Amino acid sequence: MKTAWLVGQKVGHFVSVLFLSSLVLAGLLWFSPGSPGKAREPVDFDEIAVGAEVCVAATTCGTLKSMPAKAPDDPTVDDGFNFIKKFVQVQLPEGEQTVESGDVLAPGPSFPTWFFGVFWKGVLIWDIGPAFNGDPVLDVVMLGAKQTLPIVFGALIAAIVVTLVLVSFLTWLPFPSMRGLLRTLLLILSISPVFVLGFLMTKAGVLPHPVLWWVAPAACVGILFVGDSSLGEFLLQLENEYRHLRSRDYIHAAGLRGASLFKHMLPGLLLPLSSMSAAKIAFLLGSVVIAENIYAVQGLGTLSLRAATKPDPLLLLTLTVFITFVVALVTLVRDLLEIAIDPRIRKGGGH
Amino acid sequence: MDPNNLIHRDPGEESEDATLAGKIAQGALKDIITTILRWRHADIRLIFGTIVLLLLVGFRIAAIFIDVDTLETHLDVGRSSGFSTGGGFQTTNCRPVEGLLLGNDRNGYSLTATLVEATQAFFLPALLSCGIALFFGTLLGAIAGYFRGGLLESSTKLLLTVIASYPRLILVIVAVGFFVAYLHDPGRAVGMRLFLMAMMLGVAYVPVLALAIYQKVGAFQREQFIEAARAHGLSDVRILGYHILWANCMPVLARHFFYLFGYFILVETSLSYLGPEYGVPGSIPSWGNLLAGCSKGELFSAAVMAPSVAIVGSILGLTFLGDAIGERFERGRT
Amino acid sequence: MTSAPPKPVAEPGAILTARDVWVGVQVGKIIKPIVQGGRLTVPQGGILGLVGESGSGKTQFVRAMMGLSSLEPGVFSGSAIYKIGDQPEVNVLDEVEAYTPFRPPEGDELFPQRMRIGFGWPLWRRRFRKRLDLLRRLGVGFIFQNPTGALNPFLRIGTQLQEAVLVARPNANRKESEEGALHWLDQVHLKADQHTLGLYPHELSGGMAQRVMIALALACEPKFIVADEPTTGLDSHIRLEIVGLLNRIMGQGALSGIVISHDLPMVARLCDRLTVMYRGRVVEEGPIEALGDPESDSHPYTRELKERAEALARGRQKHSKGGVEKTGGTGVVVGKGCIYRSRCAIYRDGLVDKERCNTIQPEMNLIADEHRAACHCEDISDALKQSGGLFGEAASG
């Protein structure tokens, strides 16, 4: 039952990485200027009583000493029409203070309350809370994911397919010097940043089309799988793996036997491909931010940009955890594939 | 010339006619020639990369002295206000002006000068991020690779996996957008943004570097000379610090230094392109900014091509340089 | 008058005739010749032993003869003609000279030269698949050197054995191919059951893996087998078993083959002809008895190998006399004259014309019936007796 143990180990790894990365990010957000732990909301005096914890500034908190009342020397009559400034007494560490009732803030949540109580509980009951535009965070994220995930996985598949075609072509090409030239040209093209490629494409006329809705996502896929060295790295690594594999003795032996080389090389290629994909998916999810911005796709990328500058820590945390979830999932799939294909891992050594 | 030692030599062939001094001279000469010969095989990548590096450094130094104003000479140029509002890149003052080498940018300044000055936006922060990545990456990678087995290795690997699970750009955007959102002073904001960009990118790159060092240190761990050194009483720190890292891991570090430098250029220009809330605002020149500004130029105009070529060329050159230096020192070691 | 070079023909009665095989690898600007003018003849029904130190080019030579050279440019000259059974003669290295841009060195040249750009060269190299198919149809099998490396680690050995069975019996169904696989497992003395078929290569010991390798080669029912270092890296008792197995299989007379090794006793037991390589060149070709008989002529290098093997077997450390290069040298060298002279006892003791040895490369001279050696000395056995061999005391010549 070693397989079961291995699988369990990988799944456990997946869960722990997901949790830890959310923890690290939440901590990062907590200690930033926009921390959700700071007091922000004005307090509702109908819901609290004397002795409750209140704050007078983002981080200065104390105990409420009195309910709002107007100043003793204020001549305004409380007849329901006039606005009367009311005051409260708050016991702060440095002493008692009289503060305008409107300036009193409810204290922000503590870290565990926010991280576990709001975020993770929200994930479990599928209701985290509102985003900056009022919609539920999860709805916003899912909407964005519907736009972005097809683009990102499309780019990954395009990268794999195009790389396989290119590798076959380069191997077929009988002239080594031309191979080198072609490879260098592709590398130069690929090393351009995504935004340069996108910019040049918009200049060349590839713009979001009002009727042909697929132009923008397709253009995103195009610049994503090529730019930021995606294609270049894929090509280099796959060619290396292929050449390495091709010269192995067991491939020669299989060739001598007339066996199908494809059948023999497939497991040997599948593993590096999945490793490369797992490495690339994180990269693609980062670059998609820029691609979406250029083509005005309302996906996770644009959303993160907005959440970062609004700022909306809860949305940002959810977004980043979701993205990390996708990355960790692809890595998990890759690990499971390795367990399935490579018998050395499943059975270990031993005879 | 027989660099591969293929020509058959009878035993004792040389010793018949060389005196001691002659033999020593021959040996020294051979060493010098071999070193020069290695550089004779300088490939195009090394040359290109070195040129790019020298250009970048030169531009950066020149940028200290160039103030864009001073290069503007007798030109009657209508200047727009120079600020681009966030998200809408409307300034389009790309009217061609005679007399300038590459034409003018959207603010009417000489494009050449702006290109050169834009190196200021990324040079020092890139060095900072390289420093952070190299320091922490080496530290973590060496620890994980040297003290194998046990809590130290697995916890370090877990930490590195956690850091590696975020897309790097997302981390940078989170830091830059989130941390700076509350700073209202634009001047300080830019500096803070670049600093955070550098720090976050350095931290995000640590897993890559740590993995490379981990593999290298692990490979050496199995060599015999580690056992011998330990038996001689050398402390672990000395073995690790000098014998493994300094003597053997330098090519890896050099290669990743240049990769990261190029990657930082990529990140900085991308973020500046996105807008002033994420990167460098329009009033400060940056290659990303230049691209964002000139939305009315044609595809092959200087205003569009010059920043693109600058960006792609510098990233390409630095990547090539990293590759070439890594390979060269690897070859020299074995 | 220009004439095309004569078409190479097989020697009568030989199953494999290889002549002038040159294999090179491009290192920087020069072509390093791994095999220089290799020649080989395997008679029908005979087993040839190919011996030499590591680095002498044995494996590359044999691979070149099978068209499996993975070096760049690999094999660029020569012929390797197979005449197996009633099938027509086939030259695996057909037309190589028409396509290749390189030619062997002529006259005073040391290295192979490039004579043209050779645009078509990659096209010839790409035809290796066809060449492999050709060899398979002819009935040529190969036992690879590193058994675990030659077995696909992702597939069970049962699957791989069944593939091999299908080579000889293409129309077998699943049940028949499985039975065939079990039969061959039995032939190599492994437990022929479902459990063994289900094993993965990493679960086999070295000896087991080598037996599986042999079974794989045999399952193709070849008429000509090449065994590349079949016992290297195995423990000594396993080595004996494998040698016994090979003896039983190959000694039946129906199989011809080549055994590559640097283990002389094994070669002596298995083979009836011997070819010796030194640093990329073939220096001797002859019957196996020449190896053991101190009276018969043999190349000094062969004698040296034999003496070293005997010294090793006796467990005595002997140091070679001064003035002779110790066994540091492996790997190919190029140069004028005889490349063995730096280690040659005859040369050292002046029992041969040193000028000739320094300048002229010795041809493969006929020194006995069907026995050739590349040496300038006329009476080798006498000279060796006089010089006392590598380890003995020199009698002044």
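Note on naming: letters A, B, ... go to the chains in the order of the sequence lines (proteins, then strands), and numbering restarts at 1 for each one. Source: prediction; values computed, not measured.
- Looking at A:L316, only its side chain comes within 4.5 Å of chain B, counting heavy atoms on both sides.
- Both the backbone and the side chain of A:V24 have a heavy atom closer than 4.5 Å to some heavy atom of chain B.
- Between B:F122 and B:W287, the ring centre distance stays below 6.0 Å.
- For chain B, the nearby parts of A:L25 are the backbone and the side chain; heavy atoms of each come within less than 4.5 Å.
- Neither the backbone nor the side chain of A:S190 has a heavy atom closer than 4.5 Å to any heavy atom of chain B.
- The environment of CZ in B:F136 is sparse: at most 12 heavy-atom neighbours from other residues, nucleotides or ligands sit within 6.0 Å.
- Proximity to chain A (any heavy atom under 4.5 Å) is restricted, for B:T319, to the side chain, taken from C-beta onward.
- Looking at B:L158, the atoms closer than 4.5 Å to chain A (heavy atoms on both sides) all sit in the side chain, from C-beta outward.
- Defined by atom type and a distance below 3.5 Å, a donor-acceptor pair is missing between the side-chain atoms of A:N293 and B:Y273.
- Interface summary for chain B: among A:S229, A:S304, A:A282, the most heavy-atom pairs under 4.5 angstrom belong to A:A282.
- Chain B forms the most heavy-atom pairs under 4.5 Å with one residue out of A:G286, A:A307, A:P313, A:S21, and that residue is A:S21.
- There is no side-chain donor-acceptor pair under 3.5 Å between A:S277 and A:R334.
- Heavy atoms closer than 4.5 Å to chain B are found nowhere in A:L319, neither backbone nor side chain.
- Classified by interplanar angle (parallel below 30°, tilted 30° to 60°, perpendicular above 60°), the ring pair B:F261/B:F123 is perpendicular.
- Counting only N and O atoms by type, the side chains of B:S272 and B:N289 include no donor and acceptor under 3.5 Å apart.
- Interface residue A:T324: backbone and side-chain heavy atoms are both found under 4.5 Å from chain B.
- Contact record, A:P150 with A:A145: CD-O, 3.7 Å, taken as the closest heavy-atom pair.
- A:E338 and A:S274 share no donor-acceptor pair across their side chains, judged by distance under 3.5 Å alone.
- Centroid-to-centroid, the aromatic rings of A:F195 and A:F199 stay 6.0 Å apart or farther.
- Counting heavy-atom pairs closer than 4.5 Å to chain A, the top residue among B:A175, B:G262, B:S270 is B:S270.
- Counting non-hydrogen atoms of other residues, nucleotides and ligands closer than 6.0 Å to CZ of B:F48 gives a total above 12.
- Interface residue A:S287: only backbone heavy atoms are found under 4.5 Å from chain B.
- For chain B, the nearby parts of A:L28 are the backbone and the side chain; heavy atoms of each come within less than 4.5 Å.
- Contact annotation for A:L305: both backbone and side-chain heavy atoms come within less than 4.5 Å of a heavy atom of chain B.
- Both the backbone and the side chain of A:L20 come within less than 4.5 Å of a heavy atom in chain B.
- Using a 4.5 Å cut-off between heavy atoms, B:I315 contacts chain A through both its backbone and its side chain.
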